[in-house]
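What follows is a short report on a single structure.
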Amino acid sequence: MTIAGLGAYLPERVVTNDDLAAAGLDTSDAWIRSRTGIAQRHYAAPEQATSDLAVEAGKAALADAGLGTDDVAAVIVATTTPDHMVPGTAPLVAAALGTEVGAFDVQAACSGFVYALRVGAALTVAEDAPVLVIGAETLSRIIDPTDRGVSILFGDGAGAVVLVPDANGSLGPFSLGADGRDPSMLWTQTGGTRTPVSHDVVDARTHFLTMRGGDVYRNAVARMTAASRDVLEQAGRTIDDVDLFVGHQANVRILDAVAQRVGIEAARCHVTVDQHGNTSAASVPLALADARDRGRLHPGDTVLLTAFGAGLTWGACLLTWNPSPTRDES
Ligand code: UT7
């Protein structure tokens with residue numbers, strides 16, 4: 001299978017580092033830029049939830065592929081900020097797009113899109129039909145605006161791809177991994193079934209996302225490096241064969257450290273974290289769409305994707321950019 005269409009949606013409202021400081025957060029534009037590379041992020045409007053962002057990206061990807069909703073065999077939404085705990089977000093997205101095909105969420109935090117691509121690729125082959133894979137997040141709703149260690153990092157947005165059957169098989173191999181021994185490294189401690197939401201929970205503010213930044217940083221570098229090396233080894237290729245490296249956009253220092261360890265120079269890396277902040281499961285498809293829009297993707301290019309997130313989870317895959325595949329009708 002291959003990617004036949006790519007779409008992106010960023011909410012209108014742009015929040016700069018200076019806006020956060022002006023709102024009373026004890027931080028500065030200089031600190032945020034130097035520690036993260038982030039200059040701004042987008043926040044959803046009050047009436048928008050994750051499914052609304054996902055629908056916009058999904059429509060754009062379908063239009064880009066020249067396909068309609070009726071052509072799609074399944075809708076997968078990777079998100080860690082669903083509209084509701086129940087039901088999943090994908091059925092809401094599918095309904096808004098006007099289809100009753102199978103629709104389900106993938107929850108692998110910031111690695112969610114790479115996981116969803118893996119699942120979507122398998123479904124595309126099994127169904128021999130297009131599958132819509134969306135990464136969408138409204139992180140602004142789960143961050144504590146008074147927590148300067150977390151709230152400066154995250155933004156909202158959605159990116160989507162349409163996977164279609166393609167005999168040349170230009171997506172893969174994949175490498176996925178998880179280590180759930182210490183979920184507290186990056187989590188929302190309460191609000192789930194272990195500690196349901198209550199007045200005490202809200203008073204303690206533990207329903208917000210919290211993080212041990214240094215531990216997450218070190219693991220992100222190590223895991224994305226290892227997963228990237230693994231897919232190259234599986235494919236029998238080297239980093240010299242990669243035309244563009246698109247990593248999870250969490251922090252430009254993390255991206256630089258991974259790039260340096262896998263041996264790829266800045267000119268072959270695509271960076272959007274400065275403009276989008278960390279959009280979790282949306283970051284990789286948003287970066288891919290941005291690379292395409294800036295003319296950085298050419299037919300036949302080999303692209304290395306990698307991501308890391310809460311769980312811990314991580315993943316990587318290779319893809320050959322081939323947006324107009326010849327369908328195998330045999
Ligand atoms: O998708 C995966 C999710 N998350 C990530 O990938 C994030 C991974 N972690 C990081 O990117 C970094 O750890 C951060 C950007 C979150 C923090 O950067 P750091 O260089 O690790 O800073 P630090 O946590 O060691 O803090 C250094 C200092 C502290 O002050 P003291 O104790 O040295 O006086 C913090 O209180 O910086 C302070 N600080 C801030 N100062 C101004 C922390 N956040 C801020 C802030 N503005 N926003």
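Remember, it's a predicted structure, so these values are computed and weren't measured experimentally. Atoms within each ligand, like the ligands themselves, are counted from 1 in listed order.
Taking each of T36, V221, L25 in turn, the one with a heavy atom nearest to atom 15 (C) of ligand 1 proves to be T36. Here the shortest heavy-atom distance to atom 30 (O) of ligand 1, taken over M224, R253, R148, R218, belongs to R148.
For ligand 1, the atoms sitting less than 4.0 Å from at least one non-hydrogen atom of N251 are 10 (C), 11 (O), 15 (C), numbered in the order shown with element in parentheses.
When only non-hydrogen protein atoms are considered, atom 7 (C) of ligand 1 lies nearest to M211 SD, 3.8 Å. Among protein heavy atoms, atom 5 (C) of ligand 1 sits closest to V216 CG1, 3.6 Å. Here the protein heavy atom with the shortest distance to atom 9 (N) of ligand 1 is G213 O, 3.1 Å. Protein heavy atom at the shortest distance from atom 18 (O) of ligand 1 is W31 CH2, 4.0 Å. Nearest non-hydrogen protein atom to atom 25 (O) of ligand 1 is R35 NH1, 4.6 Å.
Applying the salt bridge (charged side-chain N to carboxylate O under 4.0 Å, His left out) rule to R13 yields no partners; only residues at least two apart in sequence or on another chain are considered.
Between R292 and D64 a salt bridge is recorded (basic side-chain N to carboxylate O distance below 4.0 Å).
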Original post:
So T272 and D290, side chain to side chain donor-acceptor pair (under 3.5 Å) or not? Walk me through it.
Top reply: CA-CA 8 Å; T272 53; D290 189 75; 5.8 Å; no

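Put simply, CE on M224 and CG on L255 are 6.0 Å apart, with the number rounded to the nearest 0.5 Å.
The local environment of CD in E265 is crowded, with over 12 non-hydrogen atoms from other residues, nucleotides or ligands closer than 6.0 Å.
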